[in-house]
Amino acid sequence: MQPDCPSVLLIYTGGTIGMIENPETGALETFNFDQLLRHVPELKRFNYRIASYQFNPPIDSSDMEPSLWAKIVRIISDNYNQFDGFVILHGTDTMAYTASALSFMLENLAKPVILTGSQLPIGTLRTDGKENLITAIEIAAAKHPDGTPIVPEVCIFFENELMRGNRTTKINAENFNAFRSFNYPPLAKVGIHIRYNEHFIRKPASYPLKPHYLFDTNVVMLTLFPGIQESIINSVLHVPNLKAVVLKTFGSGNAPQKKWFIKQLKDAAERGIIIVNITQCQSGAVEMKRYETGLQLLQAGVISGYDSTPECAVTKLMFLLGHGFSLNEIRRNMDSDLSGEITKED
Ligand code: ASP
């Protein structure tokens with residue numbers, strides 16, 4: 001191996017990709033990373049230096065939480081200068097949350113951080129895990145002729161598409177094609193060739209990596225539906241220590257015009273609770289000035305989440321709250337594109 005050969009650190013957190021069927025119960029259980037590598041002998045054919053770090057025990061991503069995001073960030077930051085890129089093997093269920101959180105925690109990122117996983121365990125015949133893993137490694141190591149990384153971003157690679165991590169949502173519990181970035185074009189399409197969509201890829205930061213570790217989880221997501229009761233909204237908005245709400249509204253950011261509803265939101269905003277409006281639709285953005293119903297929310301102190309995914313809105317809020325910013329600073333940051341997560345037409 002050449003001394004200057006590409007180098008990638010694999011961080012194995014768990015998830016289906018590294019699971020095996022319990023012969024007695026039939027349920028999928030995690031197994032360790034050495035076994036995972038045994039199932040992908042192809043990795044030896046890369047002329048890369050590939051090292052690994054394994055969560056012990058590996059976890060189903062339903063158990064993912066901010067302290068584990070911080071652990072991932074610590075591993076990346078401790079190894080940042082030793083590797084060209086990073087691949088995180090992660091369960092698909094909460095991968096979009098982790099990708100969104102990392103995009104804020106890794107400020108000034110200038111190297112690829114690619115999350116991937118699979119719908120079928122890597123030991124099964126028809127697994128999607130091998131291809132996902134092998135291509136993710138290739139993308140993590142990919143460089144321009146001048147030696148700079150092609151994708152210096154937190155991304156999800158899944159089934160032929162490379163997507164900006166904080167734009168992704170899990171859309172399918174069965175298909176190999178499990179993730180979608182509805183509001184931002186793919187950063188690369190993978191077929192015979194890996195075709196990068198250079199125009200949509202962020203430029204690497206020119207400042208040193210600034211890792212962040214803090215989160216405040218006093219937040220809630222509230223999905224509106226016709227018939228939602230005042231008592232329920234009232235209870236949610238009065239949860240002790242509640243600091244922020246991701247409000248999933250209808251269409252382009254619309255909500256009931258009932259007086260009690262607007263008053264509940266207005267009172268909560270006056271108590272210092274940040275309310276961010278995102279749409280329940282998978283695609284498109286909130287435009288609060290478009291309809292009277294949206295305008296009323298704006299007047300009540302609700303702020304726009306633009307075309308943010310729910311995963312991104314909630315992690316961004318937890319991140320900003322965790323850093324002790326003032327109310328105004330949080331509102332300003334929610335209104336700003338920090339890491340390519342929202343489309344703002346200035
Ligand atoms: N439950 C698994 C997880 O998210 C599903 C998967 O990996 O696809 O960890």
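In what follows, every heavy atom counts, from backbone to side chain, and hydrogens, waters and symmetry copies are set aside. Note that ligands are numbered from 1 as they come in the structure, with each ligand's atoms numbered from 1 the same way.
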Subset of ligand 1 atoms that lie under 4.0 Å from at least one heavy atom of Thr16: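 Going through ligand 1 atom by atom, the ones under 4.0 Å from Thr16 are 2 (C), 5 (C), 6 (C), 7 (O), 8 (O).
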Subset of ligand 1 atoms that lie under 4.0 Å from at least one heavy atom of Gly15: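 Heavy-atom distances to Gly15 below 4.0 Å select 7 (O), 9 (O).
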Full working for salt bridge (Lys or Arg N to Asp or Glu O under 4.0 Å) between Asp267 and Lys263: CA-CA 6 Å; Asp267 291 351; Lys263 184 167 176 350; 2.8 Å; yes
Backbone or side-chain N or O of His90 under 3.5 Å from ligand 1 N or O: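 N/O-N/O distance under 3.5 Å: no.
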Within 45° cone and under 6.0 Å: Arg164 NZ/CZ vs Phe200 ring: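 Cation-pi check for Arg164 and Phe200: fails.
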Phe83 six-ring centre to Arg49 NZ/CZ under 6.0 Å and within 45° of normal: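 That pair qualifies as a cation-pi contact.
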Asn234 side chain to Glu230 backbone, donor-acceptor under 3.5 Å: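 Checked: no pair found.
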Near-ring test His212/Phe104, centroid separation under 6.0 angstrom: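 They do not qualify: ring centres at least 6.0 Å apart.
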Proximity winner for atom 8 (O) of ligand 1, if only heavy atoms of Thr92, Asp128, Asp63, Asp93 are counted: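 The option holding the nearest heavy atom is Thr92.
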Residue-ligand contact Ser118/ligand 1, heavy atom below 4.0 Å: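 So Ser118 counts as touching ligand 1.
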Identity and separation of the nearest protein heavy atom to atom 9 (O) of ligand 1: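 Looking at atom 9 (O) of ligand 1, the protein heavy atom closest to it is Ser61 N, 2.7 Å.
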